[in-house]
Amino acid sequence: MLALGLKGAAEMHVTLEDTARSRKSGTLDVLATPALAELIERCCWESVAAALDEGQVTVGTRLDLRHNAPTPVGMRVRCESELVAIDRRALTFEVRAFDEAGEIATARHDRFIVDAGRFQQKADAR
């Protein structure tokens, strides 16, 4: 059952494939913001997946991300989320991310609960 305060966590090890240079979001070999955004989304959707009805999933609808510190290749990054708002099928999460040296990012992420089959059919029809 979904409840306010539900927490989640996800981790990654930064590789060359995760860098701004590889993701074409910059020219440096540091964790790319798009790779961090993926970790944040994974952290949030995984945290609520077991609480959803059969056939339901969540889709991301908004991400307000502040990426405040660089993380070099080789470091681990940990993301922590908390479900802070539920409005029918709309979910809002507060998120913090850390590397081995400290906090690197904060975010607010919105997700929406959908029926997986119907959502995929709608997308395929586009």
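Judged by distance alone, with hydrogens and angles left aside, the side-chain atoms of S22 form a donor-acceptor pair with the main-chain N or O of L16 at under 3.5 Å. Put simply, the side chain of E41 never gets that close to the backbone of E38: no donor and acceptor are under 3.5 Å apart. For R21 (side chain) and T27 (main-chain N/O), a donor-acceptor pair under 3.5 Å exists by modelled atom type. Here the side chain of D53 pairs no donor or acceptor atom with the backbone of Q56 at under 3.5 angstrom. At distances below 3.5 Å, not a single donor-acceptor pair connects side-chain atoms of H13 with backbone N or O atoms of M75.
Residues V57 and V48 fall into different hydrophobic clusters, defined by Ile, Leu, Val, Met, Phe, Trp and Tyr side chains chained together at heavy-atom separations under 4.5 Å. Under a hydrophobic clustering in which Ile, Leu, Val, Met, Phe, Trp and Tyr are joined whenever their side-chain heavy atoms come within less than 4.5 Å, directly or via other members, V30 and I40 fall into different clusters.
Using a 3.5 Å distance cut-off with no hydrogens or angles, the side chains of D110 and T61 do not pair a donor with an acceptor.
Here CZ of R89 is found 14.0 Å from CZ of R111. Values are rounded to the nearest 0.5 Å.
When all heavy atoms of P34 and R23 are compared, the pair lying nearest together is C-NH1, 3.9 Å.
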Exercise for review: Step by step, work out the side-chain contact (heavy atoms from CB on, under 4.5 Å) result for T33 and L65.
Suggested key: CA-CA 9 Å; T33 302; L65 169 59; 3.5 Å; yes
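Exactly one of L91, V84, L83 qualifies for a side chain to side chain contact (heavy atoms under 4.5 Å, CB included) with L6. That residue is L83.
Between R96 and E80, none of the side-chain N atoms (NZ, or NE/NH1/NH2) sits under 4.0 Å from a carboxylate O, so this pair counts as no salt bridge.
R66 is listed as a side-chain neighbour of D64, based on a closest heavy-atom distance under 4.5 Å.
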